[in-house]
Amino acid sequence: QVQLVESGGGLVQPGGSLRLSCATSERSLNTYNWGWFRQAPEKEREFVAAIRWSGTTSYTDSVKGRFTISRETGEKTVYLQMNSLKPEDTAVYFCAAGLKSTIWSEIQNPARYVYWGQGTQVTVSS
């Protein structure tokens, strides 16, 4: 069982930045793939970014060039740096851990992730 706790959400103006953190109970971050997903009201949960156990990253098109996923093994934490935020980025953001056996083409599929955090709210508004 891997426990995940997200933090860092909040209210920010358009064009602003936030850094989300996902504190994990996993000692070795290269044991799993790590993903960030988001869910806006009345919408399905959608993929945002992932970092594979090997370090390879993937992003949904709408956040490429604005968001960066990273991991810090010593801190047992996965981060999502979000810059140039837009109102359409408003959602609850979830951190998730997936099995490293997941093939790369499935890395954006939430069904491939087995452990989830409780989420942190991000609101982008003036």
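Just so it is clear, the model here is predicted, and its values are computed rather than measured. Note: hydrogens, waters and symmetry copies are ignored here, and every other heavy atom, side chains too, is used. Counting begins at 1 with the first residue of the sequence.
For residues 17-106, the disulfide bond (SG atoms under 2.5 Å apart) pairs, not counting sequence neighbours, are C22-C95. Residue pairs meeting the ring pair (Phe, Tyr, Trp, His ring centres under 6.0 Å) criterion with at least one partner in residues 49-77, sequence neighbours excluded, are absent. A salt bridge (Lys or Arg N to Asp or Glu O under 4.0 Å) check over residues 94-109, counting only residues at least two apart or in different chains, returns the pairs E106-R112. Evaluation of the salt bridge (Lys or Arg N to Asp or Glu O under 4.0 Å) test over residues 11-30, restricted to residues two or more places apart or in two chains, returns none.
In this structure R52 satisfies the salt bridge (charged side-chain N to carboxylate O under 4.0 Å, His left out) test with no other residue, sequence neighbours excluded. Legend: residues meeting salt bridge (charged side-chain N to carboxylate O under 4.0 Å, His left out) with R45, ordered by chain and number and at least two apart, are absent. For W116, the ring-ring contact (aromatic ring centres under 6.0 Å, His included) test picks out F37, with sequence neighbours left out. Annotation: salt bridge (charged side-chain N to carboxylate O under 4.0 Å, His left out) contacts of K64 (sequence neighbours excluded): D61. Listed by chain and number, the residues in a side-chain contact (heavy atoms from CB on, under 4.5 Å) with T90 are Q121, T123, V124 (sequence neighbours excluded). Remark: S101 pairs with no residue by the side chain to side chain donor-acceptor pair (under 3.5 Å) rule, at least two apart or across chains. Not counting sequence neighbours, the partners of E46 by the salt bridge (charged side-chain N to carboxylate O under 4.0 Å, His left out) test are R38.
To the nearest 0.5 angstrom, L29 atom CG is 6.5 Å from R71 atom CZ. Distance CG/L4 to OG/S25: 7.0 Å, rounded to 0.5 Å. Within the model, atoms CG of N30 and OG1 of T73 stand 6.5 Å from one another, a figure rounded to the nearest 0.5 Å. Between atom CG of residue N33 and atom CH2 of residue W104 there is a gap of 7.5 Å, rounded to the nearest 0.5 Å. Between the OG1 atom in T24 and the CH2 atom in W34 there is a gap of 4.5 Å [rounded to 0.5 Å]. For the atom pair OG1 (T77) and CG (L20), the distance works out to 12.5 Å, reported to the nearest 0.5 Å.
The same ILVMFWY cluster, assembled from side-chain heavy atoms under 4.5 Å apart, contains both I69 and Y32. Side-chain heavy atoms closer than 4.5 Å link hydrophobic residues (I, L, V, M, F, W, Y) into clusters, and following such links, possibly through other members, connects V114 to V78. Note on V122 and V63: same hydrophobic cluster, where clusters join Ile, Leu, Val, Met, Phe, Trp and Tyr whose side-chain heavy atoms are under 4.5 Å apart, directly or indirectly. A chain of hydrophobic side-chain contacts below 4.5 Å, direct or via other Ile, Leu, Val, Met, Phe, Trp or Tyr residues, connects L99 to W36.
Within 6.0 Å of atom CD in E75, more than 12 heavy atoms from other residues, nucleotides or ligands are found, so the atom counts as buried in its surroundings.
Across every non-hydrogen atom of S125 and P14, the tightest pair is C-CD, 3.6 Å. Looking at every heavy atom in both residues, N109 comes nearest to Y113 through O-CD1, 3.4 Å. For the residue pair V48 and L80, the shortest heavy atom distance occurs at CG1-CD2, 4.2 Å.
Taking 4.5 Å as the limit, some side-chain heavy atom of S58 sits within range of a side-chain heavy atom of F47.
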For residues 81-88, tabulate all N or O donor-acceptor pairs below 3.5 Å that involve a side-chain atom, not counting sequence neighbours.
unit_1	atom_1	unit_2	atom_2	d
Q81	NE2	N83	OD1	2.9
N83	OD1	S17	OG	2.9

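With hydrogens and angles disregarded, a donor-acceptor distance shorter than 3.5 Å links the side chain of E6 to the backbone of Q118. Under the 3.5 Å distance criterion, the side-chain polar atoms of T120 are left unmatched by any main-chain donor or acceptor of Y93.
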